[in-house]
Amino acid sequence: MNNDMNSDLELFTRLAKEVLSQEKENPVTKNLSPNNLLNKLDIQLEKNGIDEKQLASKLKEILIATPKTSSRLFFNQLFGGRHSKAVLGDLLSIILNNTMATYKVAGPQAAIEKEIINKVASIIEYESDFGGTFPTGGSMSNFMSLIMARDKKEPKIRKEGVNTKLTLYTSENAHYSISKNTAFSGIGKENIRYIKSNLKGEMSVGDLKNQIQKDILQGFTPFYINATSGTTVLGAFDSIDKIAEVSKKYNIWLHVDGSYSGTAIFSKKYKELLKGVSLSDSFCFNAHKTLGTPLSCSVLVVKNKKYLYNSFNNDASYLYQTHHDLDDFNLGKTSFECGRKNNALKFWVLWKSIGTRGISKIVEKGYDLSNFAQSYIEKNKDYKVYSHPNTLSVCFNYKNYDPVDLCTKLYETNTLMVGYGSFKKNTFVRLVVVNTNNNIRVLRQFFSILEKFAKNNSAKLKKVTCLKNKKTY
Ligand SMILES: *Cc1c(COP(=O)(O)O)cnc(C)c1O
(Lines give C-alpha, C1' and ligand atoms only; values in the text may rest on other atoms or scores of the structure.)
Protein backbone atom coordinates (compact mmCIF):
# COMPACT_ATOMS: atom_id res chain seq x y z
CA MET A 1 0.00 0.00 0.00
CA ASN A 2 1.61 3.29 -1.12
CA ASN A 3 1.26 6.72 0.33
CA ASP A 4 1.68 8.43 -3.02
CA MET A 5 -0.23 11.59 -3.85
CA ASN A 6 0.21 11.35 -7.61
CA SER A 7 -1.18 7.87 -8.00
CA ASP A 8 -4.03 8.65 -5.60
CA LEU A 9 -4.93 11.75 -7.59
CA GLU A 10 -5.18 9.54 -10.64
CA LEU A 11 -7.35 7.11 -8.71
CA PHE A 12 -9.47 10.03 -7.56
CA THR A 13 -10.02 11.19 -11.13
CA ARG A 14 -11.03 7.70 -12.22
CA LEU A 15 -13.45 7.26 -9.32
CA ALA A 16 -14.89 10.76 -9.69
CA LYS A 17 -15.56 10.12 -13.38
CA GLU A 18 -17.30 6.90 -12.45
CA VAL A 19 -19.52 8.81 -10.01
CA LEU A 20 -20.38 11.37 -12.70
CA SER A 21 -21.31 8.76 -15.27
CA GLN A 22 -23.38 6.80 -12.70
CA GLU A 23 -25.15 10.02 -11.82
CA LYS A 24 -26.31 10.36 -15.42
CA GLU A 25 -27.23 6.73 -15.99
CA ASN A 26 -28.77 5.94 -12.61
CA PRO A 27 -29.84 9.24 -11.10
CA VAL A 28 -31.47 7.48 -8.15
CA THR A 29 -29.20 5.14 -6.23
CA LYS A 30 -30.60 1.74 -5.38
CA ASN A 31 -31.45 2.04 -1.71
CA LEU A 32 -29.90 -0.34 0.77
CA SER A 33 -31.27 -1.05 4.20
CA PRO A 34 -28.76 -0.59 7.04
CA ASN A 35 -29.35 -4.29 7.80
CA ASN A 36 -28.07 -5.38 4.39
CA LEU A 37 -25.28 -2.89 4.15
CA LEU A 38 -22.60 -4.98 5.79
CA ASN A 39 -23.40 -8.02 3.63
CA LYS A 40 -23.22 -6.05 0.41
CA LEU A 41 -20.31 -3.75 1.07
CA ASP A 42 -16.92 -4.26 2.67
CA ILE A 43 -17.10 -1.61 5.35
CA GLN A 44 -15.52 -3.47 8.22
CA LEU A 45 -12.03 -2.43 9.31
CA GLU A 46 -9.44 -5.19 9.73
CA LYS A 47 -6.06 -5.70 11.34
CA ASN A 48 -4.38 -5.95 7.95
CA GLY A 49 -4.67 -3.51 5.07
CA ILE A 50 -5.61 -4.34 1.47
CA ASP A 51 -3.77 -3.80 -1.79
CA GLU A 52 -4.28 -0.94 -4.23
CA LYS A 53 -6.45 -2.88 -6.64
CA GLN A 54 -8.74 -4.17 -3.94
CA LEU A 55 -9.03 -0.71 -2.43
CA ALA A 56 -10.00 0.81 -5.78
CA SER A 57 -12.68 -1.78 -6.42
CA LYS A 58 -14.12 -1.59 -2.89
CA LEU A 59 -14.21 2.19 -3.06
CA LYS A 60 -16.03 2.00 -6.37
CA GLU A 61 -18.67 -0.30 -4.89
CA ILE A 62 -19.23 2.06 -1.96
CA LEU A 63 -19.42 5.13 -4.18
CA ILE A 64 -21.99 3.50 -6.44
CA ALA A 65 -24.12 2.55 -3.43
CA THR A 66 -24.08 6.07 -1.98
CA PRO A 67 -27.13 8.32 -2.54
CA LYS A 68 -26.50 10.79 -5.36
CA THR A 69 -27.16 14.30 -4.16
CA SER A 70 -26.10 16.03 -7.36
CA SER A 71 -28.20 14.04 -9.80
CA ARG A 72 -31.12 15.55 -11.68
CA LEU A 73 -33.68 13.50 -9.75
CA PHE A 74 -32.53 14.52 -6.27
CA PHE A 75 -35.04 16.96 -4.75
CA ASN A 76 -34.85 15.76 -1.18
CA GLN A 77 -32.76 18.33 0.64
CA LEU A 78 -32.14 22.05 0.63
CA PHE A 79 -28.91 21.45 -1.28
CA GLY A 80 -28.36 19.61 -4.53
CA GLY A 81 -26.39 19.92 -7.73
CA ARG A 82 -22.87 21.21 -7.99
CA HIS A 83 -21.02 23.92 -9.86
CA SER A 84 -17.75 22.57 -11.21
CA LYS A 85 -15.82 25.73 -10.34
CA ALA A 86 -16.87 25.51 -6.70
CA VAL A 87 -15.83 21.85 -6.62
CA LEU A 88 -12.47 22.85 -8.10
CA GLY A 89 -11.99 25.38 -5.31
CA ASP A 90 -12.87 22.84 -2.64
CA LEU A 91 -10.44 20.26 -4.03
CA LEU A 92 -7.69 22.87 -3.99
CA SER A 93 -8.43 23.80 -0.39
CA ILE A 94 -7.99 20.14 0.55
CA ILE A 95 -4.62 19.96 -1.15
CA LEU A 96 -3.52 23.20 0.50
CA ASN A 97 -4.88 22.21 3.94
CA ASN A 98 -4.48 25.53 5.71
CA THR A 99 -6.19 26.46 8.89
CA MET A 100 -7.91 29.82 8.74
CA ALA A 101 -6.96 30.84 12.28
CA THR A 102 -3.88 32.94 11.57
CA TYR A 103 -2.42 34.95 8.72
CA LYS A 104 0.90 33.19 9.29
CA VAL A 105 -0.63 29.89 8.20
CA ALA A 106 -3.49 31.00 5.90
CA GLY A 107 -1.66 33.74 3.92
CA PRO A 108 -3.68 34.87 0.90
CA GLN A 109 -6.49 32.51 1.85
CA ALA A 110 -7.29 34.89 4.73
CA ALA A 111 -7.67 37.73 2.23
CA ILE A 112 -9.92 35.54 0.08
CA GLU A 113 -12.23 34.96 3.03
CA LYS A 114 -12.19 38.67 3.89
CA GLU A 115 -12.94 39.67 0.31
CA ILE A 116 -16.14 37.59 0.29
CA ILE A 117 -17.21 39.10 3.63
CA ASN A 118 -16.48 42.60 2.26
CA LYS A 119 -18.51 42.05 -0.89
CA VAL A 120 -21.47 40.50 0.93
CA ALA A 121 -21.46 43.33 3.50
CA SER A 122 -21.47 45.87 0.71
CA ILE A 123 -24.37 44.11 -1.08
CA ILE A 124 -26.49 44.19 2.08
CA GLU A 125 -25.35 47.76 2.81
CA TYR A 126 -23.62 47.23 6.13
CA GLU A 127 -21.34 50.20 6.82
CA SER A 128 -17.61 50.22 7.49
CA ASP A 129 -17.55 48.56 10.93
CA PHE A 130 -18.80 45.20 9.65
CA GLY A 131 -17.06 41.88 10.16
CA GLY A 132 -17.78 38.27 9.38
CA THR A 133 -16.64 34.69 9.32
CA PHE A 134 -17.30 31.31 7.70
CA PRO A 135 -18.85 29.10 10.39
CA THR A 136 -19.28 25.36 9.79
CA GLY A 137 -22.85 25.81 8.55
CA GLY A 138 -26.09 27.69 9.02
CA SER A 139 -26.71 26.18 12.46
CA MET A 140 -23.35 27.50 13.64
CA SER A 141 -23.92 30.90 12.01
CA ASN A 142 -27.17 31.14 13.96
CA PHE A 143 -25.42 30.01 17.14
CA MET A 144 -22.70 32.64 16.85
CA SER A 145 -25.28 35.37 16.30
CA LEU A 146 -27.20 34.25 19.39
CA ILE A 147 -24.06 34.32 21.53
CA MET A 148 -23.11 37.81 20.31
CA ALA A 149 -26.60 39.07 21.08
CA ARG A 150 -26.50 37.50 24.55
CA ASP A 151 -23.07 38.93 25.39
CA LYS A 152 -24.05 42.35 24.09
CA LYS A 153 -27.17 42.47 26.24
CA GLU A 154 -25.51 41.07 29.37
CA PRO A 155 -21.70 41.43 29.27
CA LYS A 156 -21.33 39.71 32.67
CA ILE A 157 -22.52 36.39 31.25
CA ARG A 158 -19.15 35.52 29.73
CA LYS A 159 -17.67 35.43 33.22
CA GLU A 160 -20.51 34.65 35.56
CA GLY A 161 -22.93 32.58 33.50
CA VAL A 162 -26.58 33.32 32.77
CA ASN A 163 -28.41 34.90 35.69
CA THR A 164 -30.77 37.14 33.73
CA LYS A 165 -34.19 36.05 32.49
CA LEU A 166 -33.42 36.48 28.80
CA THR A 167 -36.02 35.82 26.08
CA LEU A 168 -35.70 35.41 22.35
CA TYR A 169 -38.17 35.51 19.48
CA THR A 170 -38.51 33.55 16.29
CA SER A 171 -41.38 32.32 14.16
CA GLU A 172 -42.98 28.92 14.68
CA ASN A 173 -41.44 27.96 11.33
CA ALA A 174 -37.84 28.67 12.28
CA HIS A 175 -35.09 26.13 11.74
CA TYR A 176 -34.57 23.72 14.63
CA SER A 177 -31.05 25.02 15.21
CA ILE A 178 -32.60 28.00 17.03
CA SER A 179 -33.97 25.63 19.63
CA LYS A 180 -30.76 23.63 19.99
CA ASN A 181 -28.64 26.78 20.12
CA THR A 182 -30.77 28.24 22.89
CA ALA A 183 -30.12 25.14 24.98
CA PHE A 184 -26.35 25.32 24.27
CA SER A 185 -26.24 29.00 25.20
CA GLY A 186 -27.50 28.37 28.73
CA ILE A 187 -30.61 30.46 28.11
CA GLY A 188 -32.97 27.49 28.06
CA LYS A 189 -35.55 26.42 25.50
CA GLU A 190 -38.44 27.61 27.66
CA ASN A 191 -37.33 31.15 26.97
CA ILE A 192 -37.90 30.93 23.24
CA ARG A 193 -41.09 32.69 22.19
CA TYR A 194 -42.41 31.07 19.04
CA ILE A 195 -44.41 33.71 17.20
CA LYS A 196 -47.33 32.60 15.03
CA SER A 197 -47.09 33.03 11.30
CA ASN A 198 -49.66 33.96 8.70
CA LEU A 199 -50.90 31.49 6.07
CA LYS A 200 -47.86 32.16 3.90
CA GLY A 201 -45.55 31.16 6.76
CA GLU A 202 -44.35 34.71 7.58
CA MET A 203 -43.94 35.76 11.21
CA SER A 204 -46.77 37.95 12.51
CA VAL A 205 -45.15 41.24 13.48
CA GLY A 206 -48.15 42.30 15.60
CA ASP A 207 -47.87 39.14 17.69
CA LEU A 208 -44.13 39.68 18.01
CA LYS A 209 -44.63 43.15 19.41
CA ASN A 210 -47.34 42.04 21.83
CA GLN A 211 -45.22 39.19 23.12
CA ILE A 212 -42.22 41.45 23.72
CA GLN A 213 -44.34 43.96 25.65
CA LYS A 214 -45.85 41.18 27.71
CA ASP A 215 -42.43 39.73 28.54
CA ILE A 216 -41.04 43.12 29.58
CA LEU A 217 -43.98 43.60 31.94
CA GLN A 218 -43.26 40.21 33.46
CA GLY A 219 -39.62 41.05 34.13
CA PHE A 220 -37.96 39.28 31.20
CA THR A 221 -35.18 40.82 29.12
CA PRO A 222 -35.78 40.36 25.36
CA PHE A 223 -32.41 40.22 23.60
CA TYR A 224 -32.67 38.46 20.22
CA ILE A 225 -35.06 38.24 17.30
CA ASN A 226 -34.45 35.75 14.53
CA ALA A 227 -36.07 36.54 11.20
CA THR A 228 -35.95 33.77 8.59
CA SER A 229 -35.33 34.42 4.88
CA GLY A 230 -36.53 31.22 3.35
CA THR A 231 -38.14 29.05 6.02
CA THR A 232 -37.02 25.45 5.92
CA VAL A 233 -40.38 23.96 4.91
CA LEU A 234 -42.27 26.59 2.87
CA GLY A 235 -39.39 28.87 1.90
CA ALA A 236 -41.27 31.89 3.30
CA PHE A 237 -39.58 35.24 3.94
CA ASP A 238 -40.26 37.12 7.17
CA SER A 239 -40.74 40.90 6.73
CA ILE A 240 -37.33 42.07 7.89
CA ASP A 241 -38.10 45.78 7.51
CA LYS A 242 -41.15 45.61 9.78
CA ILE A 243 -39.42 43.35 12.29
CA ALA A 244 -36.47 45.78 12.33
CA GLU A 245 -38.77 48.55 13.59
CA VAL A 246 -39.62 46.38 16.57
CA SER A 247 -36.02 45.37 17.24
CA LYS A 248 -34.94 49.00 17.11
CA LYS A 249 -37.70 50.18 19.41
CA TYR A 250 -36.83 47.64 22.10
CA ASN A 251 -33.08 47.56 21.46
CA ILE A 252 -33.00 43.87 20.54
CA TRP A 253 -30.42 42.17 18.31
CA LEU A 254 -31.92 41.28 14.92
CA HIS A 255 -30.45 38.26 13.17
CA VAL A 256 -31.54 37.27 9.66
CA ASP A 257 -31.27 33.54 9.09
CA GLY A 258 -30.92 33.39 5.33
CA SER A 259 -29.31 29.93 5.43
CA TYR A 260 -31.74 28.68 2.83
CA SER A 261 -32.73 31.60 0.60
CA GLY A 262 -30.62 34.54 1.75
CA THR A 263 -28.76 34.28 -1.56
CA ALA A 264 -31.66 36.25 -3.08
CA ILE A 265 -29.57 39.33 -2.09
CA PHE A 266 -27.49 38.66 -5.22
CA SER A 267 -30.41 39.23 -7.58
CA LYS A 268 -31.83 42.64 -8.48
CA LYS A 269 -35.11 40.92 -9.20
CA TYR A 270 -35.45 38.98 -5.94
CA LYS A 271 -33.53 41.00 -3.35
CA GLU A 272 -36.83 42.67 -2.39
CA LEU A 273 -37.55 39.43 -0.55
CA LEU A 274 -34.95 40.55 2.00
CA LYS A 275 -36.01 44.17 2.13
CA GLY A 276 -34.63 45.75 5.28
CA VAL A 277 -31.70 43.36 5.70
CA SER A 278 -29.38 46.38 6.03
CA LEU A 279 -31.17 47.14 9.31
CA SER A 280 -30.22 43.79 10.87
CA ASP A 281 -27.31 43.18 13.26
CA SER A 282 -26.23 39.95 11.60
CA PHE A 283 -27.07 37.96 8.50
CA CYS A 284 -26.10 34.57 7.15
CA PHE A 285 -26.59 32.48 4.06
CA ASN A 286 -25.40 29.07 2.90
CA ALA A 287 -23.65 28.97 -0.46
CA HIS A 288 -23.91 25.18 -0.17
CA LYS A 289 -27.69 25.27 -0.45
CA THR A 290 -28.63 27.33 -3.48
CA LEU A 291 -25.32 28.09 -5.20
CA GLY A 292 -24.01 24.63 -6.07
CA THR A 293 -21.08 24.96 -3.67
CA PRO A 294 -20.01 21.78 -1.83
CA LEU A 295 -20.97 21.33 1.83
CA SER A 296 -20.41 23.25 3.85
CA CYS A 297 -20.17 26.93 3.01
CA SER A 298 -21.96 29.32 5.32
CA VAL A 299 -21.23 33.04 5.40
CA LEU A 300 -22.00 35.11 8.51
CA VAL A 301 -21.73 38.89 8.38
CA VAL A 302 -22.08 41.11 11.41
CA LYS A 303 -22.88 44.80 11.30
CA ASN A 304 -20.33 45.66 13.95
CA LYS A 305 -17.29 43.43 14.18
CA LYS A 306 -16.62 44.41 17.78
CA TYR A 307 -19.29 41.90 18.82
CA LEU A 308 -17.47 39.11 17.03
CA TYR A 309 -14.28 39.99 18.94
CA ASN A 310 -16.22 40.44 22.15
CA SER A 311 -17.68 36.94 22.09
CA PHE A 312 -15.12 34.88 20.18
CA ASN A 313 -11.67 36.34 20.81
CA ASN A 314 -9.51 34.68 23.42
CA ASP A 315 -5.81 35.17 24.13
CA ALA A 316 -3.63 32.29 22.99
CA SER A 317 0.07 32.94 22.73
CA TYR A 318 0.66 29.46 21.25
CA LEU A 319 -1.53 30.48 18.31
CA TYR A 320 -1.24 34.19 17.61
CA GLN A 321 2.45 34.91 17.08
CA THR A 322 2.64 37.30 14.13
CA HIS A 323 0.86 40.21 12.47
CA HIS A 324 -0.36 41.80 15.70
CA ASP A 325 -0.52 45.11 13.85
CA LEU A 326 -2.74 43.56 11.16
CA ASP A 327 -4.91 41.57 13.51
CA ASP A 328 -7.83 41.73 11.09
CA PHE A 329 -6.04 38.99 9.15
CA ASN A 330 -5.81 36.67 12.16
CA LEU A 331 -9.24 35.27 11.47
CA GLY A 332 -9.25 32.96 14.50
CA LYS A 333 -10.01 35.97 16.66
CA THR A 334 -13.48 36.22 15.19
CA SER A 335 -14.31 32.54 14.64
CA PHE A 336 -15.72 29.78 16.81
CA GLU A 337 -13.26 27.07 15.82
CA CYS A 338 -9.52 26.95 16.32
CA GLY A 339 -8.38 24.71 13.46
CA ARG A 340 -10.82 25.71 10.74
CA LYS A 341 -11.22 24.31 7.24
CA ASN A 342 -10.91 26.75 4.38
CA ASN A 343 -14.51 26.94 3.23
CA ALA A 344 -14.04 30.30 1.52
CA LEU A 345 -11.89 29.24 -1.43
CA LYS A 346 -14.58 27.14 -3.15
CA PHE A 347 -17.06 30.01 -3.08
CA TRP A 348 -14.36 32.48 -4.14
CA VAL A 349 -13.31 30.35 -7.15
CA LEU A 350 -16.96 30.19 -8.22
CA TRP A 351 -17.53 33.93 -7.68
CA LYS A 352 -14.23 34.94 -9.31
CA SER A 353 -14.90 32.83 -12.38
CA ILE A 354 -18.52 33.85 -13.07
CA GLY A 355 -18.62 37.26 -11.40
CA THR A 356 -21.41 38.71 -9.29
CA ARG A 357 -23.55 38.65 -12.44
CA GLY A 358 -23.04 34.92 -12.75
CA ILE A 359 -24.02 34.37 -9.10
CA SER A 360 -27.12 36.45 -9.72
CA LYS A 361 -27.98 34.29 -12.74
CA ILE A 362 -27.75 31.11 -10.65
CA VAL A 363 -30.12 32.62 -8.08
CA GLU A 364 -32.60 33.76 -10.72
CA LYS A 365 -32.54 30.43 -12.50
CA GLY A 366 -33.53 28.75 -9.22
CA TYR A 367 -36.58 31.01 -8.92
CA ASP A 368 -37.45 30.63 -12.61
CA LEU A 369 -37.44 26.85 -12.24
CA SER A 370 -39.41 26.84 -9.00
CA ASN A 371 -41.92 29.33 -10.38
CA PHE A 372 -42.41 26.98 -13.32
CA ALA A 373 -43.07 24.07 -10.93
CA GLN A 374 -45.37 26.23 -8.82
CA SER A 375 -47.44 27.25 -11.84
CA TYR A 376 -47.55 23.64 -13.10
CA ILE A 377 -49.26 22.50 -9.89
CA GLU A 378 -51.46 25.60 -9.69
CA LYS A 379 -52.80 24.94 -13.16
CA ASN A 380 -53.43 21.24 -12.67
CA LYS A 381 -56.56 20.38 -10.72
CA ASP A 382 -55.13 17.04 -9.58
CA TYR A 383 -52.76 18.99 -7.36
CA LYS A 384 -53.40 20.95 -4.21
CA VAL A 385 -50.80 23.67 -3.70
CA TYR A 386 -49.44 24.79 -0.30
CA SER A 387 -46.52 27.01 -1.26
CA HIS A 388 -46.57 30.52 -2.69
CA PRO A 389 -44.75 32.11 -5.62
CA ASN A 390 -41.07 33.00 -5.15
CA THR A 391 -40.14 30.05 -3.01
CA LEU A 392 -37.61 27.36 -3.83
CA SER A 393 -39.74 24.81 -1.94
CA VAL A 394 -42.72 23.85 -4.04
CA CYS A 395 -45.22 22.13 -1.74
CA PHE A 396 -48.19 20.10 -2.97
CA ASN A 397 -50.33 17.02 -2.68
CA TYR A 398 -51.29 14.92 -5.67
CA LYS A 399 -54.84 13.61 -5.84
CA ASN A 400 -55.66 12.01 -2.52
CA TYR A 401 -52.36 10.16 -2.06
CA ASP A 402 -50.83 10.25 1.37
CA PRO A 403 -47.65 12.33 0.92
CA VAL A 404 -45.65 10.42 3.54
CA ASP A 405 -46.42 7.07 1.93
CA LEU A 406 -45.88 8.44 -1.57
CA CYS A 407 -42.43 9.88 -0.78
CA THR A 408 -41.40 6.73 1.10
CA LYS A 409 -42.47 4.40 -1.72
CA LEU A 410 -40.79 6.61 -4.35
CA TYR A 411 -37.61 6.16 -2.33
CA GLU A 412 -38.02 2.44 -1.66
CA THR A 413 -38.56 1.72 -5.36
CA ASN A 414 -35.55 3.86 -6.37
CA THR A 415 -37.80 6.13 -8.41
CA LEU A 416 -37.32 9.67 -7.05
CA MET A 417 -35.64 11.34 -4.10
CA VAL A 418 -38.15 13.81 -2.68
CA GLY A 419 -39.35 14.46 0.86
CA TYR A 420 -42.37 15.80 2.68
CA GLY A 421 -43.01 18.64 5.08
CA SER A 422 -45.76 19.97 7.33
CA PHE A 423 -47.22 23.39 7.94
CA LYS A 424 -50.19 24.24 10.14
CA LYS A 425 -51.55 20.67 10.36
CA ASN A 426 -51.13 19.96 6.62
CA THR A 427 -48.56 17.50 5.34
CA PHE A 428 -47.40 17.64 1.72
CA VAL A 429 -44.70 16.72 -0.74
CA ARG A 430 -41.87 19.28 -0.71
CA LEU A 431 -40.14 19.59 -4.05
CA VAL A 432 -36.90 21.48 -3.47
CA VAL A 433 -35.72 23.30 -6.58
CA VAL A 434 -32.13 24.31 -5.88
CA ASN A 435 -30.19 22.31 -8.45
CA THR A 436 -29.71 24.93 -11.14
CA ASN A 437 -28.03 22.43 -13.44
CA ASN A 438 -31.60 21.26 -13.94
CA ASN A 439 -34.03 22.75 -16.44
CA ILE A 440 -37.75 22.86 -17.11
CA ARG A 441 -37.60 19.59 -19.02
CA VAL A 442 -36.29 17.81 -15.91
CA LEU A 443 -39.06 19.31 -13.77
CA ARG A 444 -41.67 18.13 -16.25
CA GLN A 445 -40.01 14.74 -16.01
CA PHE A 446 -40.31 14.90 -12.20
CA PHE A 447 -44.07 15.43 -12.39
CA SER A 448 -44.57 12.82 -15.07
CA ILE A 449 -42.59 10.20 -13.09
CA LEU A 450 -44.64 10.99 -9.99
CA GLU A 451 -47.96 10.88 -11.82
CA LYS A 452 -47.14 7.64 -13.58
CA PHE A 453 -45.93 6.06 -10.36
CA ALA A 454 -49.14 7.02 -8.56
CA LYS A 455 -51.23 5.61 -11.38
CA ASN A 456 -49.36 2.31 -11.59
CA ASN A 457 -49.26 1.82 -7.83
CA SER A 458 -52.61 3.27 -6.97
CA ALA A 459 -53.80 0.11 -5.23
CA LYS A 460 -50.74 -0.04 -2.97
CA LEU A 461 -50.52 3.62 -2.02
CA LYS A 462 -52.26 4.94 1.09
CA LYS A 463 -54.97 7.52 0.54
CA VAL A 464 -55.86 10.39 2.77
CA THR A 465 -59.57 10.50 3.38
CA CYS A 466 -59.70 14.07 4.47
CA LEU A 467 -56.89 16.31 3.29
CA LYS A 468 -57.60 19.59 4.97
CA ASN A 469 -57.96 21.30 1.63
CA LYS A 470 -60.09 24.14 0.50
CA LYS A 471 -60.01 22.91 -3.08
CA THR A 472 -61.84 19.67 -3.79
CA TYR A 473 -60.67 17.11 -6.28
C1 LIG B 1 -30.59 24.63 6.46
C2 LIG B 1 -31.00 25.68 7.37
C3 LIG B 1 -30.22 25.97 8.51
C4 LIG B 1 -29.07 25.13 8.93
O5 LIG B 1 -28.00 25.15 8.08
P6 LIG B 1 -26.90 23.99 8.19
O7 LIG B 1 -25.81 24.48 7.29
O8 LIG B 1 -27.57 22.75 7.69
O9 LIG B 1 -26.49 23.88 9.61
C10 LIG B 1 -30.60 27.05 9.29
N11 LIG B 1 -31.68 27.78 8.98
C12 LIG B 1 -32.46 27.51 7.91
C13 LIG B 1 -33.63 28.39 7.62
C14 LIG B 1 -32.15 26.44 7.07
O15 LIG B 1 -32.95 26.16 6.04
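The analysis underlying the following values was restricted to heavy atoms, covering all of them including side chains, and did not include hydrogens, waters or symmetry mates. Counting convention: from 1, in listed order, for ligands and their atoms alike.
Residue contacts with ligand 1: Leu78 is placed with no nitrogen or oxygen under 3.5 Å of a nitrogen or oxygen of the ligand (distance criterion only). Close N/O approach between Thr232 and ligand 1 is found [any backbone or side-chain N/O within under 3.5 Å]. Residue-to-ligand polar distances place Ser139 within reach of ligand 1: an N/O pair is separated by less than 3.5 Å.
Under 4.0 angstrom from ligand 1, the non-hydrogen atoms of Lys289 all belong to its side chain. At a 4.0 Å heavy-atom cut-off, ligand 1 touches Asn286 through the side chain alone.
At least one heavy atom of His288 lies less than 4.0 angstrom from ligand 1. Within the 4.0 Å heavy-atom cutoff, Ser296 does not count among the residues contacting ligand 1.
With Phe428 as the aromatic partner, Lys384 does not meet the cation-pi criteria of under 6.0 angstrom to the ring centre and within 45 degrees of the ring axis.
Tyr260 has its side chain out of reach of Phe285: every pair of non-hydrogen atoms, C-beta onward, lies at least 4.5 Å apart.
Here the heavy atom of the protein found nearest to atom 11 (N) of ligand 1 is Asp257 OD2, 2.6 Å. Given atom 4 (C) of ligand 1, the protein heavy atom at minimum distance is His175 CE1, 3.3 Å. The closest protein non-hydrogen atom to atom 6 (P) of ligand 1 is Gly138 N, 3.3 Å.
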Show me the donor-acceptor pairs, under 3.5 Å and distance only, between side chains in residues 120-134 and residues at least two apart or in other chains.
{"unit_1": "Tyr126", "atom_1": "OH", "unit_2": "Ser280", "atom_2": "O", "d": "3.4"}
{"unit_1": "Tyr126", "atom_1": "OH", "unit_2": "Ser280", "atom_2": "OG", "d": "2.7"}
{"unit_1": "Tyr126", "atom_1": "OH", "unit_2": "Ser282", "atom_2": "N", "d": "3.3"}

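Less than 4.0 angstrom separates some heavy atom of Tyr260 from each of these atoms of ligand 1: 15 (O). Interface atoms of ligand 1 facing Gly230, defined by a heavy-atom separation under 4.0 Å, are 13 (C). Below 4.0 Å from some heavy atom of Asn142 lie the following atoms of ligand 1, by number and element: 10 (C), 11 (N).
A centroid separation of 6.0 Å or more is found between the aromatic rings of Tyr386 and Phe396. The six-membered or imidazole ring of Phe266 lies near that of Trp351, with a centre-to-centre distance under 6.0 Å.
One distance of note links OG1 of Thr391 with CG of Asn371; it measures 9.0 Å at 0.5 Å rounding.
Taking Thr170 as the reference, Asn226 meet the side-chain hydrogen bond (donor to acceptor under 3.5 Å, both in side chains) condition, with sequence neighbours excluded.
With hydrogens and angles ignored, the 3.5 Å screen pairs a side-chain donor or acceptor of Ser71 with a backbone N or O of Pro27.
Side-chain atoms of Lys346 and Thr293 include no donor-acceptor pair closer than 3.5 Å.
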